[in-house]
**Student:** 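Next up is a structure, given as structure tokens.
These numbers come from the heavy atoms of this one structure, side chains and all, not from hydrogens, waters or symmetry mates. Note on naming: letters A, B, ... go to the chains in the order of the sequence lines (proteins, then strands), and numbering restarts at 1 for each one. Nothing here was measured: the structure is a model prediction, and the numbers come from that model.
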Amino acid sequence: MDEIYDPAAVEAVAQQHWRALDAYRSKENDPRFPKGKFYVCSMLPYPSGKLHMGHMRNYTLNDVVYRFMRSSGYNVMTPMGWDAFGLPAENAAIDKKVAPAKWTRANIADMKAQFAPMGFAFDWSREVATCDPSYYRWNQWLFLQMLKSGVAYRKTQIVNWDPIDNTVLANEQVVDGKGWRSGATVEKREIPGYYLAITRYAEELLETVKTGLDGWPTQVRAMQENWIGRSEGCEISFPFAPDTRAVMETDGALKVFTTRADTLFGATFLAVAAEHPIALAAGKRAPRVAAFIEECARGAVMEAELATQEKKGMATGLHALHPLTGQPVEIWAANYVLMGYGEGAVMGVPAHDERDFEFAHKNRLPIVQVVKSKTGAYDDVREPWIAAYSDYGITVNSGEFSGLEFQAAVDAIAVALEKKGLGKKRIQYRLRDWGISRQRYWGTPIPIIHCDACGVVPVPEKDLPVVLPEDLVPDGSGNPLNKDERFLACTCPQCGKGARRETDTMDTFVDSSWYYMRYCCPDASSMIDGRTDYWMPMDQYIGGIEHAVLHLLYARFWTKVMRDLGLVKFSEPFKQLFTQGMLLAHCYYREDANGKKRWFYPAEVEQQFDERGTPISAVAKEDGKPVIYGGIEKMSKSKNNVVEPGSFIERFGADTARAFVMFAGPPDQSAPWSDSSAEGVHRFLKKLWAFCYQNRERIATAPALVVASLDSGLKKIRHQLHSFLHQALFDFQRIQYNTVVSATMKMLNALDTAAENPAAAPLLREGVSILLRTLYPMTPHVAHVLWVELGYAKELGDLLDAPMPQPAADALQQDELELVVQVNGKLRGRVIVAAQADETAIKEAALADEHVRKFVDKPVRKVIYVKGKLVNIVV
RNA sequence: GCGAAAGUGGCGGAACUGGUAGACGCACUGGAUUUAGGUUCCAGCGGGGUAACCCGUGCGGGUUCGAGUCCCGCCUUUCGCACCA
């Protein structure tokens with residue numbers, strides 16, 4: 001055994017050992033693991049080319065789950081793959097004039113190589129890249145099945161259009177309403193596309209997220225519940241007034257949805273989206289309406305932007321009739337009404353809705369109070385109008401419906417409307433169908449053929465996959481597939497005449513909706529096979545909170561579609577979900593005269609402290625002059641604060657990197673990277689090695705542990721060790737690995753104290769075996785080598801499958817307990833009592849304590865005893 | 001704007017179910033070893049006070065014998081908002 005800890009040597013030995021065993025290849029029903037399967041998986045990464053420490057944190061987390069569960073006796077499988085389609089490859093293509101396929105595949109190779117030193121337990125035999133035809137053909141196949149069942153359908157969609165580059169822009173590519181490359185003001189444009197009817201599953205998606213999925217974080221469940229957004233309300237029709245009838249050339253009605261039918265008598269205007277047919281018809285007649293529609297057509301489609309923009313409106317000059325009073329109500333076009341949500345129209349009740357109030361106030365529309373509070377606080381909301389009263393209350397000014405409470409009013413009005421055929425109760429979801437068409441090259445081709453004679457024709461299953469040509473290089477001016485005759489030209493499967501292929505590709509969320517099922521059978525000749533039934537549903541899914549809604553909702557939806565096609569038997573893909581936090585890093589900059597920031601790498605900066613350890617200033621090493629501390633930020637290239645694993649691992653080893661990213665903070669929260677803190681963890685591993693080296697003979701020759709013969713000092717240390725273990729096992733289960741690392745540090749500190757006692761050898765032998773196995777999931781290399789060197793492998797087997805240690809009952813028991821004594825809830829003393837002492841004796845001992853007596857200057861009113869913890873004396 | 005979280009020493013954080021605030025580590029200070037730097041080891045380390053003690057978990061209220069933890073109202077930061085992944 002070497003005297004000095006040499007991480008490079010240790011890690012080479014351990015990895016060689018695992019490679020020789022092919023240690024992470026998983027197979028179904030492996031008889032070595034009678035407890036059954038455990039499938040743990042991290043959300044697949046986008047192959048951007050560089051792995052930073054943040055990735056390492058995420059996959060270390062995954063790896064700790066793997067090793068802990070395997071040590072607990074499960075047949076664990078953890079795969080890895082690549083979310084290989086998407087926009088960044090096209091941007092790289094524009095920048096570097098390299099085909100996205102080539103760039104992506106080179107990145108995958110790079111990243112895979114960067115994973116190697118970390119010693120992750122990935123089963124690489126299951127690797128999947130979503131840009132491989134063998135994968136995306138099944139996106140196409142399932143899409144065809146969805147077309148057949150009607151889950152997939154064609155409809156127009158609104159996109160961001162860059163009029164200079166003549167291309168559709170992603171929301172990300174719209175900066176302040178302008179195209180990021182051209183600078184042109186972005187316009188909304190309507191084009192046809194494909195949708196998946198996720199709303200068909202709204203009720204089931206909602207029900208399970210509310211009452212099932214108990215292995216998911218509650219905040220994720222809440223976010224999904226709110227995203228689906230079920231609301232009970234009424235659909236109400238306002239029949240066209242003669243002017244509207246004339247313009248629309250029909251006697252229809254303007255339909256709205258509201259959850260506040262009780263306020264119907266307060267509806268003083270109607271607001272429609274700028275794209276609503278009535279607005280468009282009015283625009284043909286009135287130039288000012290047309291101008292307003294055009295104004296609304298500028299600007300982006302993002303909801304956050306729409307919701308924060310100034311509320312603007314324009315009277316259309318048209319009217320509809322109130323369904324119950326028959327009074328004409330003015331129709332306005334408004335920029336805050338969304339065409340894609342509900343009916344694209346709302347009734348405006350300014351007295352009882354803040355947004356309507358703001359709108360009415362600005363446009364001098366009438367405000368009519370129709371609800372008063374039950375307490376009388378808002379009985380009189382007359383002019384001057386200050387605010388809307390949006391709480392539930394009692395109806396007023398509502399004819400025969402006055403004097404009713406909210407629900408009674410809604411019920412009565414709904415009945416009245418239904419009698420007239422002008423409305424009914426209805427459930428409305430906020431959730432919208434999923435538009436999957438992207439006017440982009442680097443994605444799964446949508447398997448559709450356009451024929452002049454037959455129209456839109458699906459590609460026959462036997463012709464799948466529709467292979468994406470891999471040699472095209474986008475130049476920023478639209479989808480290069482539109483110019484690629486080899487791809488475009490085809491024959492119509494129905495009439496056999498020449499036809500054109502669809503050039504839109506699928507949203508990359510399609511790729512990530514089921515890859516985790518393909519990992520189970522990556523070489524299957526169908527979409528999935530029986531092996532998926534063995535591994536799925538996944539036991540532990542790990543990924544960022546940013547995916548709380550979209551990806552996780554799409555994956556749940558996709559699973560249900562597959563279930564309804566008879567492909568899988570389960571309805572939910574992920575039993576447990578863990579949302580990991582981001583790794584952040586310090587950043588430093590200097591500003592030049594023009595306010596332009598120059599960002600320094602942390603390594604170029606020296607932090608200075610005062611004598612109390614408070615950081616006072618940071619200076620650049622190059623000139624000794626101050627730089628500005630920019631705080632702790634997300635790692636990003638532009639801020640030069642990306643921590644790269646390569647050089648760190650070379651200096652300190654993968655185990656230090658792994659242990660530090662686990663130690664830095666709770667795994668579900670963001671944590672900053674710190675070089676010096678990481679070195680502290682390295683010191684711990686060095687200390688561990690040195691301790692094992694110094695005590696190797698004592699451990700090797702230790703007699704068996706006899707608890708009764710330990711002196712009281714060693715007994716106490718043994719109690720500590722097993723308490724730390726007890727806590728660590730709890731923390732392993734709740735995925736709080738930062739405190740597991742702390743526990744191993746405490747164990748080493750305790751063993752260090754024990755080692756001074758000449759009789760400690762049996763305890764050291766037990767303690768080190770506990771310590772190594774507890775530490776192993778975080779730092780497998782050094783744990784493996786020490787395990788072998790100290791002879792534990794011969795006794796307990798390879799560390800990969802050595803069972804997790806369990807705390808001994810005889811160690812957790814104590815003869816004496818230290819109790820805290822409080823007076824009126826404030827800590828005033830401590831007493832030591834026998835473990836079996838009864839409550840009366842304990843209370844007496846507490847009252848007898850001299851520190852306590854000082855504060856008991858009034859009669860004792862009550863004494864509260866919390867078993868094993870404290871006594872509180874109330875005076 | 002809407003939805004979801006987070007806020008504890010100089011720093012990262014600990015305190016699982018209301019019950020000893022600050023475990024473990026970093027930084028810093030003093031000392032030992034070393035020619036020196038680094039390493040290693042020992043001790044100290046929330047604020048105030050000679051002390052007894054007092055004050056302290058973003059801010060303001062409340063519940064409780066007892067609140068970092070529960071409730072109400074604010075402030076700040078982070079994530080998501082449907083074409084970034």
**Student:** So does R683(A) get a side-chain nitrogen or oxygen closer than 4.0 Å to the phosphate oxygens (OP1/OP2) of C26(B)?
**Tutor:**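 So the side-chain polar atoms of R683(A) do come within 4.0 Å of the phosphate oxygens OP1 or OP2 of C26(B), strictly under.
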**Student:** Does F730(A) reach a base, just sugar-phosphate, or nothing at all? Heavy atoms under 4.0 Å.
**Tutor:** base
**Student:** In this structure, how many angstroms lie between the P atom of G25(B) and the CG atom of L688(A), rounded?
**Tutor:** 13 Å
**Student:** Are K686(A) and U40(B) close enough that a side-chain N or O sits under 4.0 Å from OP1 or OP2?
**Tutor:**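 Looking at the OP1 and OP2 atoms of U40(B), one of them is under 4.0 Å from a side-chain N or O of K686(A).
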**Student:** At under 4.0 Å between heavy atoms, how does the protein contact nucleotides 42-56 of chain B? Give one character per nucleotide, 5' to 3', with B, S or -.
**Tutor:** -----S----SSSS-
**Student:** Just checking K867(A): base, sugar-phosphate only, or nothing, at a heavy-atom cut-off of under 4.0 Å?
**Tutor:** nothing
**Student:** Please tell me which of the listed nucleotides, A85(B), C41(B), G13(B), lies nearest to the side chain of D83(A)?
**Tutor:**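 So the nucleotide nearest the side chain must be A85(B).
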**Student:** Please work out which of the three classes, parallel, tilted or perpendicular, describes the rings of H361(A) and F357(A), given edges at 30° and 60°.
**Tutor:** parallel
**Student:** What's the gap between G56(B) and U20(B) when it is taken at their C1' atoms, as a whole Å value?
**Tutor:** 15 Å
**Student:** Thinking salt bridges, do E850(A) and K854(A) make one under a 4.0 Å N-O criterion?
**Tutor:** no
**Student:** Nearest to the side chain of M745(A), which nucleotide is it out of G25(B), G1(B), G19(B)?
**Tutor:**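 The answer is G25(B).
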**Student:** Look at the aromatic rings of H586(A) and Y629(A) and report parallel, tilted or perpendicular, splitting at 30° and 60°.
**Tutor:**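 Taking Y629(A) first and then H586(A), their aromatic rings sit tilted (interplane angle of 30° to 60°).
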**Student:** How would you label the contact of R355(A) with the nucleic acid (heavy atoms, under 4.0 Å): base, sugar-phosphate, or nothing?
**Tutor:** nothing
**Student:** Does the structure show a Watson-Crick or G-U wobble partner for A27(B), both distances under 3.5 Å? Name it, or say none.
**Tutor:**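 For A27(B), the partner nucleotide comes out as none, under the 3.5 Å rule.
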**Student:** Could you tell me how the ring of W442(A) sits relative to the ring of F85(A): parallel (under 30°), tilted (30 to 60°) or perpendicular (over 60°)?
**Tutor:** perpendicular
**Student:** Tell me whether the side-chain N/O atoms of N226(A) come closer than 4.0 Å to OP1 or OP2 in C2(B).
**Tutor:** no
**Student:** In whole angstroms, how far is the C1' atom of G80(B) from the CE atom of M582(A)?
**Tutor:** 12 Å
**Student:** Side chain of S676(A) only, heavy atoms from C-beta on: which candidate in C84(B), A27(B), G19(B) is closest?
**Tutor:** A27(B)
**Student:** Do the ring planes of Y5(A) and H682(A) sit parallel (below 30°), tilted (30 to 60°) or perpendicular (above 60°)?
**Tutor:**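 Correct class here is tilted.
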**Student:** Between I717(A), L688(A), L725(A), which is the residue that forms a side-chain contact (heavy atoms from CB on, under 4.5 Å) with M747(A)?
**Tutor:** L725(A)
**Student:** Need one value for F509(A): base, sugar-phosphate or nothing, where a base atom within 4.0 Å counts as base even if backbone is also close, heavy atoms only.
**Tutor:** base
**Student:** Whole angstroms only, please: what is the CG-P distance between L584(A) and C11(B)?
**Tutor:**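 Value for this atom pair: 16 Å.
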**Student:** Test Q822(A) against every option in I864(A), V871(A), L870(A), V866(A) by the side-chain contact (heavy atoms from CB on, under 4.5 Å) rule and name the one that passes.
**Tutor:** L870(A)
**Student:** Heavy-atom nearest nucleotide on RNA chain B for G825(A) versus G665(A): which residue maps closer to 5'?
**Tutor:** G665(A)
**Student:** Nearest-Å distance, CG (D507(A)) to C1' (A82(B))?
**Tutor:** 9 Å
**Student:** Have a look at T508(A) and say if it touches a base, only the backbone sugar-phosphate, or nothing, with a 4.0 Å heavy-atom cut-off.
**Tutor:**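 Here T508(A) touches the backbone only, sparing every base.
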**Student:** Categorize I864(A) for me: base, sugar-phosphate, or nothing, with a 4.0 angstrom heavy-atom threshold over every strand shown.
**Tutor:**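 Base, at least one base heavy atom under 4.0 Å.
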**Student:** Can you tell me which nucleotide in G66(B), A15(B), C79(B) comes closest to the side chain of E546(A)?
**Tutor:** C79(B)
**Student:** The side chain of R830(A) lies closest to which of these nucleotides: C24(B), A14(B), U20(B)?
**Tutor:** U20(B)
**Student:** Counting only side-chain heavy atoms from C-beta out, which of A4(B), A23(B), G19(B) sits nearest to K746(A)?
**Tutor:** A23(B)
**Student:** Counting any heavy atom closer than 4.0 Å, what does A304(A) reach on the DNA or RNA strands: base, sugar-phosphate only, or nothing?
**Tutor:** base
**Student:** Out of A82(B), A85(B), G25(B), which has the shortest distance to the side chain of N171(A)?
**Tutor:** A82(B)
**Student:** Applying the side-chain contact (heavy atoms from CB on, under 4.5 Å) criterion to P666(A), which one of T739(A), I735(A), N738(A) satisfies it?
**Tutor:** N738(A)
**Student:** Are T199(A) and D433(A) close enough, and set up right, to give a side-chain hydrogen bond (donor to acceptor under 3.5 Å, both in side chains), and what steps lead you there?
**Tutor:** CA-CA 6 Å; T199(A) 50; D433(A) 279 345; 2.6 Å; yes
**Student:** What contact category does V741(A) fall into here, base, sugar-phosphate, or nothing, at under 4.0 angstrom with non-hydrogen atoms?
**Tutor:** nothing
**Student:** When we call it a touch if two heavy atoms are under 4.0 Å apart, what does N749(A) touch: a base, just sugar-phosphate, or nothing?
**Tutor:**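 N749(A): backbone/sugar contact only, no base atoms under 4.0 Å.
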**Student:** Give the rounded distance in Å between these two atoms: CD of Q727(A) and P of C24(B).
**Tutor:**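 That distance rounds to 14 Å.
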**Student:** Tell me: CD1 of I632(A) to P of U77(B), nearest whole Å?
**Tutor:** 15 Å
**Student:** Taking syn as any angle within 90 degrees of 0 and anti as the rest, which one fits G22(B)?
**Tutor:**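 With its glycosidic angle more than 90° from zero, G22(B) counts as anti.
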**Student:** Under 4.0 Å, counting only non-hydrogen atoms across every strand here, what does V549(A) touch: a base, just sugar-phosphate, or nothing?
**Tutor:** nothing
**Student:** Does U78(B) have OP1 or OP2 sitting under 4.0 Å from an N or O in the side chain of S670(A)?
**Tutor:**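 It does not, given that no N or O in the side chain of S670(A) lies less than 4.0 Å from OP1 or OP2 of U78(B).
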**Student:** Search all heavy atoms of N91(A) against all heavy atoms of Q173(A) and return the closest pair with its distance.
**Tutor:**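 So the two residues come closest at OD1-NE2, 4.1 Å.
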**Student:** Is I873(A) touching bases, backbone alone, or none of the nucleic acid, heavy atoms closer than 4.0 Å?
**Tutor:**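 Nothing: the residue I873(A), judged by heavy atoms under 4.0 Å, touches no strand.
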**Student:** Separation of E90(A) atom CD from C84(B) atom P, in whole Å?
**Tutor:**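 It is 13 Å, rounded to the nearest whole Å.
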**Student:** OP1 or OP2 of A23(B) less than 4.0 angstrom from a side-chain nitrogen or oxygen of N738(A), does that happen here?
**Tutor:** no
**Student:** Under 4.0 Å between any heavy atoms, over every strand shown, what does E818(A) touch: base, sugar-phosphate, or nothing? Just pick one.
**Tutor:**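 Nothing, no heavy atom under 4.0 Å.
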**Student:** Take W689(A) and D6(A) through the test side-chain hydrogen bond (donor to acceptor under 3.5 Å, both in side chains) and record every step on the way to the result.
**Tutor:** CA-CA 9 Å; W689(A) 186 278; D6(A) 176 358; over 6 Å; no
**Student:** If you check the L827(A) side chain, which of C84(B), A23(B), U20(B) turns out closest?
**Tutor:** U20(B)
**Student:** Pick base, sugar-phosphate or nothing for H547(A), based on heavy-atom distances below 4.0 Å to the nucleic acid.
**Tutor:** base
**Student:** Regarding Q736(A), tell me which of base, sugar-phosphate or nothing describes its non-hydrogen contacts under 4.0 Å with the strands shown.
**Tutor:** sugar-phosphate
**Student:** May I ask you to evaluate whether K634(A) reaches the phosphate of C79(B), defined as a side-chain N or O under 4.0 Å from OP1 or OP2?
**Tutor:**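 Checking C79(B) against K634(A), a side-chain N or O does come within under 4.0 Å of OP1 or OP2.
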**Student:** Looking at the side chain of R734(A), which of C81(B), C65(B), A15(B) is the nearest nucleotide?
**Tutor:** A15(B)
**Student:** Could one point to a donor on the side chain of Q822(A) or the base of G19(B) with an acceptor on the other under 3.5 Å away?
**Tutor:** yes
**Student:** More 5' along RNA chain B: L169(A) or A222(A), using each one's nearest nucleotide?
**Tutor:**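 Taking each residue's closest nucleotide, the earlier one in sequence belongs to A222(A).
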**Student:** Nearest heavy-atom pair of L819(A) and Y865(A): which atoms, and what distance?
**Tutor:**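 Minimum heavy-atom contact is CD1-CE1, 3.9 Å.
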**Student:** Rounded to the Å, how far apart are Y194(A) OH and A82(B) P?
**Tutor:**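 Atom-to-atom, Y194(A) to A82(B), this comes out as 24 Å.
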**Student:** Which nucleotide in the list G12(B), A85(B), A14(B) gets nearest to the side chain of L550(A)?
**Tutor:**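 Shortest atom-to-atom distance from the side chain points to A85(B).
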**Student:** On a whole-Å scale, what distance lies between the P atoms belonging to C65(B) and C42(B)?
**Tutor:** 47 Å
